[in-house]
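Remarks on the structure that follows.
All values reported here derive from a predicted model rather than from experimental measurement. These values consider heavy atoms only, across backbone and side chains, with no hydrogens, waters or symmetry-generated copies. Labels below follow one simple rule: chain letters A, B, ... track the order of the sequence lines, proteins then strands, and each chain is numbered from 1.
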Amino acid sequence: MALPGFRDFYPDDCAFRNAIFSKWREVAHRYGFVEYDGPPLEPLDLFTKKSGQEIVTQLYNFKDKGDREVALRPEMTPTLARLVTARHKDFKKPLKWFSIPQVFRYERQQKGRLREHYQFNCDIIGEAGLEADIELIALVIDTLRAFGLTEKDFVVRLSDRQFWTDFMNAKSIPEDQRYAFIQAIDKSEREPREKTAEKLGPLAAEVFAILDDASTGKSERLDTVETGLRHRGLQDYVKRDYTVVRGLAYYTGVVFEVFDRSGEFRAIAGGGRYDNLLKNLGDVDLPALGFGMGDVVLGEILKKNNSLKNLKKNNGIYVVIADENHRPKAMGLVQQLRDTFGLPVDYPLVPMKVGRQFQAAEDQGRKVAVIVDAETGKGQVVSVKNLASREQTIWSIEDLMKSEVLK
RNA sequence: GCGGCCGUAGCUCAAUGGUAGAGCUCCAGUUUGUGGUACUGGCUGUUGCGGGUUCGAGUCCCGUCGGUCGCCCCA
């Protein structure tokens with residue numbers, strides 16, 4: 001039994017996970033992003049430096065045999081920051097980097113939240129202009145579209161962290177009250193309105209007006225982002241919503257969260273601009289932005305929508321050994337097929353009834369069966385059966401190797 | 001860390017406090033050279049674990065571990 005919050009991946013699960021990974025990679029590559037990776041285990045202070053000591057309660061951390069305080073990474077951004085600050089002069093800006101790390105957190109698990117998951121991380125570093133924000137948001141949208149999801153399935157809720165900073169400046173909210181103010185906005189959706197109003201005090205009416213009707217809030221940044229997305233035909237995937245504030249730790253500009261329209265699941269993805277983080281962490285002043293998308297919530301949604309079906313598509317070859325006397329010849333053929341086609345080629349490891357062999361071929365999702373029998377023993381002849389159409393034809397091995405019937 | 005619900009075969013579940021069962025899966029056969037059906041047979045259990053009540057506990061009580069949903073938290 002796996003530890004609480006950790007998953008086993010049986011072959012079907014692994015196929016499902018890998019299908020998600022390959023879509024992620026495909027879309028990231030389509031956007032010109034390149035893949036990087038880092039260690040799953042990091043010095044503890046890499047994370048406390050960014051998030052403070054409180055984060056330790058949510059980490060898998062321990063002392064290693066060299067007496068170092070270490071932790072399993074809860075997120076990729078600190079590692080990315082380390083990589084980038086260490087060698088930023090080696091790379092032309094902007095960097096468009098992605099990664100699919102397994103990340104960990106020590107928390108009680110619940111729906112859509114385990115103690116580990118794989119998180120697709122895409123970041124753009126070294127570009128302060130809003131074109132980068134638009135590109136990144138377009139990437140989030142296209143990633144989900146690649147799984148067959150549409151504007152009917154999900155929405156990107158767009159907000160602007162700077163908008164609220166400006167608001168608090170205009171209202172002269174003291175520094176020590178700003179955290180509570182942002183928290184109140186963050187929780188306003190999950191709390192009774194009276195409770196939020198109590199927290200906001202005299203500003204309640206004005207804030208509610210903005211939360212209820214996003215057009216009340218003015219943000220040139222969001223105007224530009226929305227226009228940019230409209231140019232790409234993606235305007236139906238986004239909605240301005242100032243309730244999104246994203247934990248507020250280090251975001252500085254445009255932020256966003258992606259939700260499914262049914263409201264049944266947790267956030268699918270989230271991200272935004274964090275222009276000061278690299279400077280604070282690594283003493284390299286580069287603007288940056290990024291998002292993360294986990295495989296758990298996405299997987300739940302794809303399963304509900306029945307996406308990613310047909311993972312066992314018909315391909316490959318099953319060599320049926322109809323006459324055990326010719327097993328040696330069959331083994332030669334198996335080897336030759338593997339060399340020639342690079343497709344899955346399987347066969348019975350031990351003598352098996354012919355009917356069972358066809359069943360095995362079927363269960364494995366093979367496209368064709370190549371039948372080795374007494375005729376094969378006499379000459380270089382095999383029968384080839386298409387498992388779907390059940391048509392069977394006779395081939396010389398020489399012709400078979402040049403043909404397309406097995407592909 | 002807190003609370004609700006739930007732990008019985010590999011899976012899904014049944015069994016009034018009275019001898020632990022079914023379906024599916026798996027394996028084999030019906031069928032000694034042709035696959036999704038059908039039929040037949042077979043394997044699998046310290047009823048999560050530990051205490052307690054009782055003549056007797058899968059069933060009731062307590063604890064514990066795990067699952068699940070929510071709260072807290074959300075990098």
Where each pair must be Watson-Crick or G-U wobble with both distances under 3.5 Å, what dot-bracket representation of RNA chain B is obtained, with crossing pairs in [ ] and other-strand partners as |? (((((((..((((....[..)))).(((((.......))))).....(((((..]....))))))))))))....
With a non-hydrogen cut-off below 4.0 angstrom, is [X] in contact with a base, only sugar-phosphate, or nothing?
{"X": "Leu59(A)", "result": "nothing"}
{"X": "Gln357(A)", "result": "nothing"}
{"X": "Ala369(A)", "result": "nothing"}
{"X": "Gln110(A)", "result": "base"}

Under the 6.0 Å and 45° cation-pi test, does [X] pair with [Y]?
{"X": "Arg17(A)", "Y": "Phe9(A)", "answer": "yes"}
{"X": "Arg73(A)", "Y": "Phe47(A)", "answer": "no"}
{"X": "Lys303(A)", "Y": "Phe16(A)", "answer": "yes"}

Say we look at [N] and [M]: how far apart would their [atom1] atoms be, to the nearest angstrom?
{"N": "A28(B)", "M": "G58(B)", "atom1": "C1'", "result": "32 Å"}
{"N": "U40(B)", "M": "A22(B)", "atom1": "P", "result": "14 Å"}
{"N": "G45(B)", "M": "C74(B)", "atom1": "P", "result": "48 Å"}
{"N": "C11(B)", "M": "G67(B)", "atom1": "P", "result": "15 Å"}
{"N": "G21(B)", "M": "C55(B)", "atom1": "P", "result": "26 Å"}
{"N": "A9(B)", "M": "A15(B)", "atom1": "C1'", "result": "15 Å"}
{"N": "U53(B)", "M": "U12(B)", "atom1": "C1'", "result": "33 Å"}
{"N": "G17(B)", "M": "C73(B)", "atom1": "P", "result": "43 Å"}

Quick check on the 6.0 Å ring-centre criterion: do [X] and [Y] meet it?
{"X": "Trp24(A)", "Y": "Tyr118(A)", "answer": "no"}
{"X": "Tyr318(A)", "Y": "Tyr347(A)", "answer": "no"}
{"X": "His117(A)", "Y": "Phe104(A)", "answer": "no"}

Figure out the [atom1]/[atom2] separation between [X] and [N], and round it to whole Å.
{"X": "Arg190(A)", "N": "C72(B)", "atom1": "CZ", "atom2": "C1'", "value": "11 Å"}
{"X": "Leu277(A)", "N": "A75(B)", "atom1": "CG", "atom2": "P", "value": "12 Å"}
{"X": "Gln183(A)", "N": "C73(B)", "atom1": "CD", "atom2": "C1'", "value": "9 Å"}
{"X": "Tyr318(A)", "N": "G33(B)", "atom1": "OH", "atom2": "P", "value": "15 Å"}
{"X": "Glu257(A)", "N": "C74(B)", "atom1": "CD", "atom2": "P", "value": "13 Å"}
{"X": "Leu114(A)", "N": "G66(B)", "atom1": "CG", "atom2": "P", "value": "15 Å"}
{"X": "Phe358(A)", "N": "G36(B)", "atom1": "CZ", "atom2": "P", "value": "11 Å"}

Do [X] and [Y] have side-chain heavy atoms sitting under 4.5 Å apart?
{"X": "Phe120(A)", "Y": "Phe98(A)", "result": "yes"}
{"X": "Ile182(A)", "Y": "Trp164(A)", "result": "yes"}
{"X": "Arg145(A)", "Y": "Glu151(A)", "result": "no"}
{"X": "Ile124(A)", "Y": "Trp97(A)", "result": "no"}
{"X": "Phe167(A)", "Y": "Glu206(A)", "result": "yes"}

Check Val258(A), Leu234(A), Val155(A) against Ile141(A) for a side chain to side chain contact (heavy atoms under 4.5 Å, CB included) and give me the one that passes.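 Only one of Val258(A), Leu234(A), Val155(A) forms a side chain to side chain contact (heavy atoms under 4.5 Å, CB included) with Ile141(A), namely Leu234(A).
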Residues from [range] lying under 4.0 Å of RNA chain B - heavy atoms:
{"range": "residues 389-397 of chain A", "result": "Arg390(A), Gln392(A)"}
{"range": "residues 69-82 of chain A", "result": "Pro74(A), Glu75(A)"}
{"range": "residues 290-301 of chain A", "result": "none"}

From C-beta outward on [X], which listed nucleotide comes closest to its side chain: [options]?
{"X": "Arg108(A)", "options": "C2(B), U34(B), C73(B)", "result": "C2(B)"}
{"X": "Val354(A)", "options": "G33(B), G66(B), G70(B)", "result": "G33(B)"}
{"X": "Arg113(A)", "options": "C69(B), C73(B), G33(B)", "result": "C73(B)"}

Does Gln359(A) or His117(A) map to a spot on RNA chain B nearer the 5' end, using the closest nucleotide for each?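 Nearest-nucleotide comparison on RNA chain B picks Gln359(A).
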Whichever of Tyr106(A) and Asp323(A) has its nearest RNA chain B nucleotide further upstream toward 5':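 The residue closer to the strand's 5' end, by nearest nucleotide, is Tyr106(A).
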Extract from the structure each pairing of a protein N or O with an N or O of nucleotides 5-11 of chain B at less than 3.5 Å, listing the distance.
none

Apply salt bridge (Lys or Arg N to Asp or Glu O under 4.0 Å) to [X] and list each qualifying residue two or more places apart in sequence or on a separate chain.
{"X": "Glu26(A)", "result": "Arg30(A)"}
{"X": "Lys329(A)", "result": "none"}
{"X": "Asp176(A)", "result": "none"}

Scan for salt bridge (Lys or Arg N to Asp or Glu O under 4.0 Å) pairs involving residues 270-286 of chain A, sequence neighbours excluded, and state none if there are none.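 Output for this query lists Asp133(A)-Arg273(A), Arg273(A)-Asp275(A).
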Please assess Arg82(A) against Glu42(A) for the test salt bridge (charged side-chain N to carboxylate O under 4.0 Å, His left out), listing each intermediate value before the final yes or no. CA-CA 11 Å; Arg82(A) 193 188 65 217; Glu42(A) 291 275 19; 2.4 Å; yes
Every protein N/O within reach of nucleotides 38-41 of chain B N/O, cut-off under 3.5 Å:
none

Pairing residues for Tyr60(A) by the ring-ring contact (aromatic ring centres under 6.0 Å, His included) criterion, not counting sequence neighbours: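 In terms of ring-ring contact (aromatic ring centres under 6.0 Å, His included), with neighbours along the sequence ignored, Tyr60(A) is linked to Phe6(A), Tyr106(A).
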Does a sphere of radius 6.0 Å around NZ in Lys407(A) hold more than 12 heavy atoms from other residues, nucleotides or ligands, not counting ones at 6.0 Å or beyond?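 No, NZ of Lys407(A) has 12 or fewer neighbouring heavy atoms, counting only those of other groups under 6.0 Å.
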Should the heavy atoms of other residues, nucleotides or ligands under 6.0 Å from NZ of Lys195(A) be counted, would the total exceed 12?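 No, because the 6.0 Å sphere around NZ of Lys195(A) holds 12 heavy atoms or fewer from other groups.
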Under the criterion salt bridge (Lys or Arg N to Asp or Glu O under 4.0 Å), which of Lys171(A), Lys218(A), Arg221(A) is the partner of Asp166(A)?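 Looking at Lys171(A), Lys218(A), Arg221(A), the match for Asp166(A) under the salt bridge (Lys or Arg N to Asp or Glu O under 4.0 Å) is Arg221(A).
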Using a strict cut-off of less than 4.0 Å between a Lys/Arg side-chain nitrogen and an Asp/Glu carboxylate oxygen, indicate whether Glu300(A) and Arg266(A) qualify as a salt bridge.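 Salt bridge between Glu300(A) and Arg266(A), a charged N being under 4.0 Å from a carboxylate O: no.
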Kindly say if Gln109(A) contacts the phosphate of U68(B), meaning a side-chain N or O under 4.0 Å from OP1 or OP2.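 So the side-chain polar atoms of Gln109(A) do come within 4.0 Å of the phosphate oxygens OP1 or OP2 of U68(B), strictly under.
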Do the side chain of Glu257(A) and the main chain of Val244(A) share a donor and acceptor less than 3.5 angstrom apart?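 Here the side-chain-to-backbone pair does not exist.
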Pick out the pairs of N or O atoms, protein on one side and nucleotides 28-31 of chain B on the other, that lie under 3.5 Å.
residue : atom : partner   : partner atom : Å
U30(B)  : OP2  : Lys353(A) : NZ           : 3.0

